[in-house]
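Accompanying notes for the structure given below.
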Number of protein chains: 2
Amino acid sequence: MTTARRVLLSCLLDGGSHRTAEDLAADAQAIVPDVHLSTIYRNLEELEHLGVVEHVHLGHGPAIYHLATEHHGHFVCEDCGKVFEAPDELFAGLGKLALDRAGLTIKPHHFAVLGTCDACAGRAADLRDA
Amino acid sequence: MTTARRVLLSCLLDGGSHRTAEDLAADAQAIVPDVHLSTIYRNLEELEHLGVVEHVHLGHGPAIYHLATEHHGHFVCEDCGKVFEAPDELFAGLGKLALDRAGLTIKPHHFAVLGTCDACAGRAADLRDA
DNA sequence: TTAAATGCAAAGAATTTGCATAACA
DNA sequence: TGTTATGCAAATTCTTTGCATTTAA
């Protein structure tokens with residue numbers, strides 16, 4: 001258990017739940033200035049391997065990391081980037097279909113489900129009608 | 001309508017349906033040797049903007065491109081990479097939930113849904129029992 | 001003939017790796 | 001004291017961009 005690792009864990013616990021490796025490096029560097037980004041990546045990989053941390057892709061751009069205890073998927077608006085947390089139970093129906101049709105036990109956390117939120121759909125309609 | 005664009009379209013029509021930009025460049029170069037990868041990317045972007053092509057992320061690694069006429073999502077086994085095409089209707093239930101709970105109209109094509117296929121789950125069980 | 005598309009090289013973003021040094025057990 | 005982790009720089013992978021030149025309407 002090294003300093004870098006301890007600090008990273010505290011940042012994962014303290015900070016919000018949608019943090020990139022770079023965010024986490026910045027948080028860590030606020031405490032221990034010379035923690036290097038590559039060390040953050042290495043420790044995140046290790047923690048992920050141990051099942052403590054998971055990473056998720058919300059769109060193009062960097063992955064976000066969070067504690068594995070937070071079990072939920074993500075809905076993301078393609079237009080404004082707004083993120084909605086989606087409780088696991090919402091994926092139960094899809095999981096059953098995937099198992100029946102493809103024999104696949106889904107883990108629907110790794111990629112977000114994209115779409116368009118009401119606000120952005122409304123704005124698009126406004127533009128069309130104007 | 002340039003040569004590069006015509007050739008790219010023919011490759012999209014001819015080739016399989018899970019091709020990376022690099023695959024498509026190779027296909028195109030078999031016909032017109034000096035089509036450049038950046039031209040492929042630029043045309044794919046253009047075609048995507050026009051709604052003719054879409055790209056999908058099946059996991060880490062390069063995006064795959066296909067004609068927008070192929071309307072389906074993807075299930076992918078995390079372990080072996082096997083890809084299952086998932087008809088749109090499988091996402092109807094999830095779409096309703098997303099709309100009710102988050103006001104989000106989902107377009108479930110952009111990211112695959114990951115999981116573990118029967119074969120890989122079986123293999124994992126075998127290893128555990130051995 | 002002129003605006004748009006191309007080839008090439010180079011830049012960019014996110015992540016990974018090699019290696020000498022430093023820190024933990 | 002001997003692994004194991006770290007900092008740093010450099011490499012990798014996928015994708016985008018700048019620019020001089022070519023191509024097509």
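The sequence lines fix the lettering, A, B, ..., with proteins before strands; numbering per chain opens at 1.
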**Asked** Once you round it to whole Å, what is the distance between C1' of C:dC24 and CZ of A:Arg5?
**Response** 11 Å
**Message:** Heavy-atom count check: over 12 atoms from other residues, nucleotides or ligands less than 6.0 Å from A:Glu22 CD?
**Reply:** no
**Prompt:** Taking atom P of D:dA5 as reference, at what distance in whole Å does atom CG of A:Leu8 sit?
**Reply:** 14 Å
**Request:** Please tell me which of B:His36 and B:Arg6 maps to the more 5' nucleotide of DNA chain D, matching each residue to the nucleotide holding its nearest heavy atom.
**Result:** B:His36
**Request:** Could you tell me how the ring of B:His110 sits relative to the ring of A:His60: parallel (under 30°), tilted (30 to 60°) or perpendicular (over 60°)?
**Result:** perpendicular
**Request:** Using atom CZ of B:Arg19 as one end and atom P of D:dC14 as the other, report the distance to the nearest whole Å.
**Result:** 16 Å
**Request:** Whole angstrom is fine here: how far is it from NE2 in B:His60 over to C1' in D:dT12?
**Result:** 15 Å
**Request:** Would you mind reading off the distance between A:Leu50 atom CG and D:dT4 atom P, rounded to a whole angstrom?
**Result:** 15 Å
**Prompt:** B:Ile64 CD1 to D:dC14 P: how many Å, rounded?
**Reply:** 14 Å
**Asked** Parallel, tilted or perpendicular: which describes the rings of B:Tyr65 and B:Tyr41, with under 30° parallel and over 60° perpendicular?
**Response** perpendicular
**Complete:** Comparing B:Thr2 with A:Thr3, nearest DNA chain D nucleotide closer to 5' gives the residue A:Thr3
**Message:** Looking only at the side chains, is there a donor atom on one of A:His55 and A:Glu48 sitting less than 3.5 Å from an acceptor on the other?
**Reply:** yes
**Request:** Measure from CD1 on B:Ile40 to C1' on D:dT15 and round the result to the nearest Å.
**Result:** 14 Å
**Prompt:** With the 4.5 Å side-chain cut-off for hydrophobic clustering, are B:Phe84 and B:Val56 part of the same group?
**Reply:** no
**Protein-nucleotide distance (B:Asp34, atom CG; C:dT6, atom P), rounded to Å** = 12 Å
**Request:** Produce a footprint string for nucleotides 12-21 of chain C: one letter per nucleotide, 5' end first; B if the base is under 4.0 Å from any protein heavy atom, S if only the sugar-phosphate is, - if neither.
**Result:** --SSBBBB--
**Prompt:** Only one of B:Ile106, B:Leu99, B:Val113 clears side-chain contact (heavy atoms from CB on, under 4.5 Å) with B:Leu94; which?
**Reply:** B:Ile106
